[in-house]
Amino acid sequence: MAAGTWLRIADALKAPVGTAVTVKGWVRTRRDSKAEGGLSFVALHDGSCFDTIQLVITGSVGNYADEVTKLTTGCAIEADGVIVATPKGGVEIQVDPARNAGQGAVRVLGWVDDPDTYPIQPKPHSFEYLREVAHLRVRTNTFGAVARVRHCLAMAIHRFFHERGFYYVHTPIITASDCEGAGQMFRVSTLDVMNLPRTADGKAINFGEDFFGKESHLTVSGQLNVETYCMALSKVYTFGPTFRAENSNTSRHLAEFWMIEPEIAFADLAADAQLAEDMLKYLFTTVLTERADDMKFFAERIEKTAVDRLKHIVEKPFLRLTYTEGVKILEQAIAKGQKKFEFPVKWGTDLQSEHERFLTEEHFKQPVILTNYPKQIKAFYMRLDDNCEPDRQTVSAMDILVPGIGEIVGGSQREERLDRLDARISEMGLPIKEYWWYRDLRRYGTVPHAGFGLGFERLIQFVTGMQNIRDVIPFPRAPKQADF
RNA sequence: UCCCUGUUAGCUCAAUGGUAGAGCGAUCGGCUGUUAACCGAUAGGUUGUAGGUUCGAGUCCUACACGGGGAGCCA
């Protein structure tokens with residue numbers, strides 16, 4: 001028999017019966033039988049798919065008693081064998097030199113030191129515990145599945161934009177401008193914190209002596225930068241890490257997270273909303289197709305509706321609703337005694353989590369695109385709507401709300417008219433000088449344009465049903481949490 | 001940051017203010033084409049940290065650390 005080819009487990013599981021193969025991976029479980037002069041069943045995983053492949057190793061393997069029967073969860077091995085059919089209709093690998101000459105061997109590549117304290121045991125672990133061993137948790141079926149789905153979604157995002165003529169723009173991680181808007185920022189500095197230079201009057205830190213010659217921080221958004229490229233390349237997007245130094249302790253916030261921010265020229269809010277809807281549907285369709293194995297697991301063990309709700313969402317158009325209409329629905333629900341809220345509903349104030357959840361989870365039971373919010377609760381760069389009632393000025397903003405997560409996308413048409421933009425900047429007390437280059441975009445060939453931000457981790461949460469955002473990123477960074 | 005709640009064996013959890021327990025995992029043995037295997041035995045503990053109350057604290061009190069749920073901020 002010819003020497004077996006090294007196959008990934010995903011491929012070995014699809015190989016025809018009789019194929020000689022070599023597989024390499026890590027042991028998930030081992031069970032022994034004394035039948036037939038010794039028989040061990042080893043479940044092996046290598047990350048190529050959700051399923052393990054079962055090795056059936058007989059006592060005729062040279063190192064059977066010395067090594068095979070001492071394998072524990074986590075050991076790394078490679079094995080030569082032959083694909084055979086199982087009674088249940090699948091395939092497994094027979095590792096038996098007595099039956100297949102030259103195709104029955106197990107080589108141990110790495111033992112597990114002290115199996116008693118190996119953190120990943122063949123039993124259910126709490127996600128909280130696994131977070132403490134984040135360097136090893138990807139070896140579990142849940143975190144392996146999350147990692148593959150995360151990859152699948154990242155690739156699908158790039159493919160979606162590439163296929164539609166978007167350019168991928170690498171916006172900076174470090175920013176020395178103080179104009180990215182709200183949100184506490186992380187300082188980037190090489191100054192000696194034990195001996196900070198002072199300004200001449202001694203009242204402030206002299207950042208002129210710092211690495212960049214001015215105060216600098218980690219970015220909280222690539223939007224303003226990507227708008228510059230939009231004003232030449234028409235269709236662009238960023239996909240990179242984003243940092244917020246907010247003291248947020250929730251299952252939906254991270255200090256370091258990844259965000260997708262497309263920006264389209266010659267476009268209004270309706271086009272923006274359509275782009276976001278098309279993208280989400282493309283991503284859901286892709287993950288259901290490419291990671292059916294992992295999605296089946298999420299539906300079985302993590303969130304029953306994981307697969308069905310994605311299929312359901314792909315089938316029909318998202319609902320579009322203005323903020324004003326949303327407020328009316330909430331007010332009617334209160335008036336009818338249909339629903340009681342902790343916080344009052346009032347036009348002009350931001351919707352609370354409970355209000356958003358009512359709309360998307362109870363009233364409509366589907367994703368909802370809320371548009372045209374009051375200007376006082378939205379950012380300076382959002383376009384003022386025309387023909388508004390007095391005292392009811394709105395902006396061309398949109399939030400996409402989904403059941404279970406709440407806001408997954410936030411976007412807007414941008415204010416392309418310089419006079420209106422300047423008015424908004426001064427109205428909100430922002431330092432207009434800092435915006436000189438952003439304002440230039442309105443001075444030199446301004447056009448209507450729009451864009452949105454999609455939180456990558458929230459997308460993964462929604463797709464997988466994982467409840468805590470810290471479990472959908474390999475090494476979560478959050479207040480008091482920067483291990484690994 | 002605020003409210004609630006939790007921290008006991010490698011892991012998941014019990015234990016009325018009075019001798020520290022179980023299941024799983026690990027180790028050893030038995031049985032078995034096993035797959036959440038099963039049966040028996042063995043090992044495994046400064047009860048998150050620091051104080052306090054008490055004859056006596058895993059249990060009651062205080063502070064702190066860390067986790068979880070909710071809220072705010074948002075993606």
Side-chain angles (χ1 to χ4, degrees), chain A residues 28-36 38-44 51-58 69-70 72-74 84-88 90 92 94 96 112-133 136 140-141 181-184 220-223 241-261 276 301 342-343 350-354 356-357 377-379 399-402 405-411 452-462 467-473 478-481 483:
Chain A
R28 191 155 274 155
T29 59
R30 190 199 90 236
R31 292 173 295 278
D32 300 321
S33 168
K34 286 282 166 20
E36 302 180 35
L39 201 57
S40 289
F41 303 93
V42 169
L44 199 70
D51 290 318
T52 54
I53 197 162
Q54 176 161 274
L55 307 177
V56 184
I57 305 166
T58 60
T69 59
K70 293 188 169 54
T72 56
T73 303
V84 296
T86 62
K88 289 188 176 175
E92 61 188 13
Q94 188 181 65
D96 184 359
V112 165
D113 182 46
D114 192 6
D116 187 32
T117 57
Y118 178 59
I120 309 297
Q121 298 168 355
K123 55 164 283 181
H125 288 292
S126 68
F127 294 146
E128 293 80 20
Y129 165 69
L130 289 171
R131 222 172 283 149
E132 295 169 10
V133 287
L136 300 173
T140 65
N141 51 18
Q184 289 294 308
V220 296
S221 165
Q223 183 200 316
T242 309
F243 308 87
R244 304 272 167 94
E246 302 285 354
N247 193 8
S248 297
N249 293 290
T250 80
S251 58
R252 303 180 306 283
H253 291 84
L254 289 167
E256 175 184 281
F257 64 99
W258 289 64
M259 190 154 61
I260 296 101
E261 295 175 285
R301 294 294 181 84
E342 189 186 340
F343 295 93
D350 215 349
L351 298 180
Q352 299 290 318
S353 292
E354 58 174 347
E356 295 181 345
R357 278 206 309 273
I377 58 171
K378 288 292 181 183
D399 284 353
I400 301 187
L401 312 177
V402 295
I405 303 287
E407 184 182 340
I408 195 169
V409 165
F452 63 82
L454 168 68
F456 188 47
E457 284 75 19
R458 287 190 183 172
L459 172 73
I460 301 169
Q461 274 190 282
F462 182 68
Q467 299 215 319
N468 197 310
I469 199 167
R470 298 172 193 204
D471 297 328
V472 297
I473 188 168
K480 307 282 192 239
Q481 173 60 268
D483 291 335

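The figures that follow rest on heavy atoms only: side chains count, while hydrogens, waters and symmetry mates do not. Note that the structure is predicted; figures quoted are calculated from it, not measured. Per chain, numbering begins at 1; letters A, B, ... match sequence-line order.
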A/Arg30 vs B/A37: side-chain N/O to OP1/OP2 distance below 4.0 Å:
no

Verify the contact: side-chain N or O of A/Asn247 to OP1 or OP2 of B/C2, cut-off strictly under 4.0 Å; return yes or no.
no

Quick one: [X] [atom1] to [N] [atom2], roughly how many Å, whole number?
{"X": "A/Asn249", "N": "B/C3", "atom1": "CG", "atom2": "C1'", "result": "13 Å"}
{"X": "A/Asn468", "N": "B/G67", "atom1": "CG", "atom2": "C1'", "result": "11 Å"}
{"X": "A/Lys480", "N": "B/A65", "atom1": "NZ", "atom2": "P", "result": "7 Å"}
{"X": "A/Trp258", "N": "B/C74", "atom1": "CH2", "atom2": "C1'", "result": "20 Å"}

Is a donor-acceptor pair below 3.5 Å formed from side chain A/Asp32 to base B/U32, judging by atom type as modelled?
no

Pair of N/O donor and acceptor under 3.5 Å linking B/G33 base with A/Glu92 side chain
yes

Please indicate whether A/Glu256 has more than 12 foreign heavy atoms, meaning atoms of other residues, nucleotides or ligands, lying under 6.0 Å from its CD.
yes

More than 12 non-hydrogen atoms from neighbouring residues, nucleotides or ligands closer than 6.0 Å to CG on A/Asp114, yes or no?
yes

Using the P atom in both, what is the distance from B/A41 to B/G25, to the nearest Å?
16 Å

Could you work out the separation of B/C13 and B/U8 based on their C1' atoms and round it to a whole Å?
9 Å

Less than 4.5 Å apart, side chain to side chain, heavy atoms only: is that true for [X] and [Y]?
{"X": "A/Arg244", "Y": "A/Phe257", "answer": "yes"}
{"X": "A/Glu356", "Y": "A/Ile405", "answer": "no"}
{"X": "A/Ile408", "Y": "A/Leu454", "answer": "yes"}

Counting the atoms with a prime plus P, OP1 and OP2 as sugar-phosphate, which does [X] contact under 4.0 Å by heavy atoms, base, sugar-phosphate, or nothing?
{"X": "A/Gln54", "answer": "base"}
{"X": "A/Leu459", "answer": "nothing"}
{"X": "A/Arg357", "answer": "sugar-phosphate"}

Does [N] have a Watson-Crick or wobble mate here (both distances under 3.5 Å), and if so which one?
{"N": "B/U47", "value": "none"}
{"N": "B/U1", "value": "B/A71"}
{"N": "B/U42", "value": "B/A26"}

Could you please name the option among [options] that lies closest to any side-chain atom of [X]?
{"X": "A/Gln352", "options": "B/G70, B/A71, B/U35", "answer": "B/A71"}
{"X": "A/Ser251", "options": "B/G72, B/G69, B/C66", "answer": "B/G69"}
{"X": "A/Pro122", "options": "B/U34, B/C74, B/G25", "answer": "B/G25"}
{"X": "A/Lys34", "options": "B/G30, B/U34, B/G69", "answer": "B/G30"}
{"X": "A/Ser248", "options": "B/G72, B/U34, B/G67", "answer": "B/G72"}

A/Thr72 or A/Leu39: which one's nearest nucleotide on RNA chain B is closer to the 5' end?
A/Thr72

Residue mapping more 5' on RNA chain B - nearest nucleotide basis, A/Arg31 or A/Asp399:
A/Arg31

For the CG atom of A/Leu130 and the NE2 atom of A/His125, what is their distance to the nearest 0.5 Å?
6.0 Å

Say you draw a straight line from CD of A/Glu407 to CZ of A/Arg357; how long is it, rounded to the nearest 0.5 Å?
14.0 Å

In 5'-to-3' order, the base (B), backbone-only (S) or no-contact (-) status of each nucleotide in nucleotides 9-14 of chain B, using a 4.0 angstrom heavy-atom cut-off, is -BBS--

Check side chain to side chain contact (heavy atoms under 4.5 Å, CB included) between A/Arg31 and all other residues, then give those that pass, not counting sequence neighbours.
A/Thr29, A/Phe41, A/Gln54

